[in-house]
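Reading through the structure tokens given below for one structure.
These numbers come from the heavy atoms of this one structure, side chains and all, not from hydrogens, waters or symmetry mates.
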Amino acid sequence: MRAFYRGFRSFRRNYVRNSIVTALIFVCLTFAMSMVTVKISADSQVESIKKTVGNYGEIKVSSTYLMKVFEEERKKTEAERAAEARSMSEQEELENRISMLVPESLANEFSKSKYIKTYDRVLETRVTLPRLAGTDVKRAFQFRDIERSPARAGGSDQNSFAFSGNTNGSSASDFQNGAKRVVEGRNFTYEDYKNAKPVVVIEKNLASNNKIEVGDKIDATISGKTGKESTMDLEVVGIYKTIKTNQEEGTEESGFNPAGTTFYAPVSVVQKLNGTPDYLSLASYYFDSVDNTGSLKGLFKKLAAGKENKFEFVTDKSDYEEIADSMLKARNTAVVGLAGSLGACALIIVLSMIIITGGRVRELGILKAIGSTNSQVVGQFAAEVLCICLVAIILSMGATALVSQSLANWVVPQEKESVSVQNSGQAGPPAMRTANRLYKYGSQFNFAQKTGEKAKAKLKVIYRSSIFLYAVAVLILISILGIAIPVIWTLRLRPSRVLSME
Amino acid sequence: MSDEVIRAKDINKKYEARAGGVTAVDGVSLSAKTGEFISIVGPSGSGKTTLLYLLGSLESADSGEIEVAGHNIMDASIDLVTFRRNCVGFVFQFFNLVPYLTALENVMLPMDLVGVPYEKQKERAVFLLAQMGITERLLRSRPGKMSGGENQRVAIARALANDPHLILADEPTGNLDAETGKTVIEIMKRLAMKDGKCVLIVTHDESIIDETHRSYRMKDGRLYDL
């Protein structure tokens, strides 16, 4: 204790020398602590981003496979395609249909991964509803007056409706992302899916045009079936309206509704209607973190062994990377900056202590000659080093609070602040246009989905209490380095060598 | 403890050097008693400082026997730090005071190292400094603000702080003018004769011979009676 007191006295009385060393360390520590603050803030923001993006993936037929099929079909003439369709047996037609779908068994197996949080089965297809007339063609092209003579609206395009099947209506991406909202009745539930209850949710304008209300039944044609088993009565349990989503204009209700022909029903029902039980358009998953993307891709590769070219597991990792890009860059820059400034700090304290101790060897010799133990000598120097480092770190903590945001702005590259999340206007064949789009941003038939720009995360430095723990760790680290020098000198010094020196 | 403070017999010290070994102390035997004021004179490099450091345990002898104040300092088991604290006081040519401590604090330092309570340290330090003729005005002065003579008197007071049996002085007047040097020698003499300390001075100044009880000459590491 007395040795520490002597060290403190020495620190106080050699204030010019110690102030210079303290100032140098203060500058480096301010930078270092600012970098720690930046890193902590960036980490925290990245964790927040991870909760909303980067943790979504889906198994679907690969775009490469779809492109290959498209290319093969393109090589055929119209007549060849028609002839092929005519000559196709029922079994062949089914096989042709399921060739573009994902086996449910693969999706189920994948969902057993410990990283998977939620799992949704999705089947998007077209179903013929012979007694209904669509709204899209009517509104968009004004081909005919369906209201006046609905019986004439029975063309194949007019009666073919988009069906989106899910395990739970509220988990359908269009409802989840707010593009659609149930305004009457209810959405279908997981129980409906489990029991394959023939229920459906339809669009408001379509319901109005066809005078359908909640509780009414609609005839649907089951694909690939004939006779009595060829139709299914679907009960309308809910009516939804489409919300036009445009970030520039804000959210507003849409009068024009190109997506009005989409029906939402339990996937088990849609599978029956499509004649493809045990097959899905895609399986969507929310997993715990983007960090496990690699593990999940590995698992998928293992499960889809031999069919890697046909199926793919795609995630929104690239969206995460784009949104969190500035955070990730800030974090990396902060780590480099922290390492550099701590290195500079270490160098300053070591060089300073070499100079200080080297200039005080006579004092060391005196102390040892008059009976100081090595620990007493070291204790005194340790107190001096601690004082220097403590003053420097206290000042730097204050300075960090003031300059960390400015330093963060300086070290983090300034980029445009927004990034396009989805490009729905991708060039290519119709199937390819949706192949690379993730289901979470909207169903295949939802043209009113969010396609705007999502704000790129901006680093906001927050001065957290955990910074003090880092400060203590840094203090201990540089103090140990500083103390190491007098320890070496003290242990090696022979007082008789220095006491006779002038 | 008997009156014999120093009992050294046939001590040798050789320094290894590239150009061959240098024998600093060659078969020196010496004894001194309480209240004796002894001087060792000799030219620079004769080995007198080495002998002093051997007796004060700042250096270790290659061979021989050294017993100081009843402690066999050649014994490997002896705690030399404690020995130096309690049995020996050093006075050096360049004073070797701690520059950032005041005169008072420099004298208190050896007592501080052995854990003497602060008030007692201060009381004894003031007493010793007063004995050395250091005025109260200088108690709070640092070495840089005091003259050579004042510094040396503070150094002597520090050497006496823990009331050692032996005072070892290495050229204590070497950095002082004649008048001040004379004062310092007077103080040393008083320490031996009045306070009963055994004082051993090594110097190249042969004028001191007349002031001491016994004198030796050191040449090429050997000690000769004068």
Look up atom [atom1] in [X] and atom [atom2] in [Y], then write down how far apart they are to the nearest 0.5 Å.
X: B:N106; Y: A:I366; atom1: CG; atom2: CD1; result: 8.0 Å
X: A:R494; Y: B:Y53; atom1: CZ; atom2: OH; result: 12.0 Å
X: A:S496; Y: B:D170; atom1: OG; atom2: CG; result: 11.0 Å

Among B:V114, B:L109, B:L80, B:T82, residue most engaged with chain A (heavy-atom pairs, under 4.5 Å):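 Heavy-atom pairs under 4.5 Å are most numerous for B:L109.
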Choice from B:P164, B:G89, B:G115 maximising heavy atom contacts with chain A below 4.5 Å: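 Top count of heavy-atom pairs under 4.5 Å with chain A: B:G115.
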Closest approach of [X] to [Y] (non-hydrogen atoms, all atoms of both residues):
X: A:A369; Y: B:F92; answer: CB-CZ, 4.4 Å
X: B:R85; Y: A:G371; answer: NE-O, 2.5 Å
X: B:L58; Y: A:P495; answer: CD2-CG, 4.0 Å
X: B:L101; Y: A:R13; answer: CA-NH1, 3.7 Å

Those residues of residues 374-394 of chain A, ordered by number, that approach chain B below 4.5 Å (heavy atom to heavy atom):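 Expected list: A:Q376, A:Q380.
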Side-chain donor-acceptor contacts of residues 343-357 of chain A below 3.5 Å, not counting sequence neighbours, with atom names and distances?
{"from": "A:S352", "atom 1": "OG", "to": "A:I348", "atom 2": "O", "distance (Å)": "2.6"}
{"from": "A:T357", "atom 1": "OG1", "to": "A:M353", "atom 2": "O", "distance (Å)": "2.5"}

Pair A:R9 + B:E105, salt bridge at N-O below 4.0 Å: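 So A:R9 pairs with B:E105 through a salt bridge.
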With A:I370, the side chain to side chain contact (heavy atoms under 4.5 Å, CB included) member among B:L113, B:N162, B:V98: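 The side chain to side chain contact (heavy atoms under 4.5 Å, CB included) with A:I370 is passed solely by B:L113 among B:L113, B:N162, B:V98.
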Determine whether more than 12 heavy atoms belonging to other residues, nucleotides or ligands lie under 6.0 Å from atom [atom1] of [X].
X: A:R464; atom1: CZ; answer: yes
X: B:D10; atom1: CG; answer: yes
X: A:Y463; atom1: OH; answer: yes
X: B:K219; atom1: NZ; answer: no

Side-chain (B:R84) to main-chain (A:K368) donor-acceptor, under 3.5 angstrom: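 Yes, B:R84 side chain to A:K368 backbone: donor-acceptor pair under 3.5 Å.
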Side chain to side chain contact (heavy atoms under 4.5 Å, CB included) assessment of B:Y100 paired with A:E363: CA-CA 10 Å; B:Y100 56 84; A:E363 185 189 331; 2.6 Å; yes
Interchain contact, A:R12 with chain B, by part (heavy-atom threshold 4.5 Å):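 Looking at A:R12, nothing touches chain B.
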Side chain / backbone / both / neither for B:S60 at chain A, heavy atoms under 4.5 Å: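 Answer is neither: B:S60 stays 4.5 Å or more from chain A.
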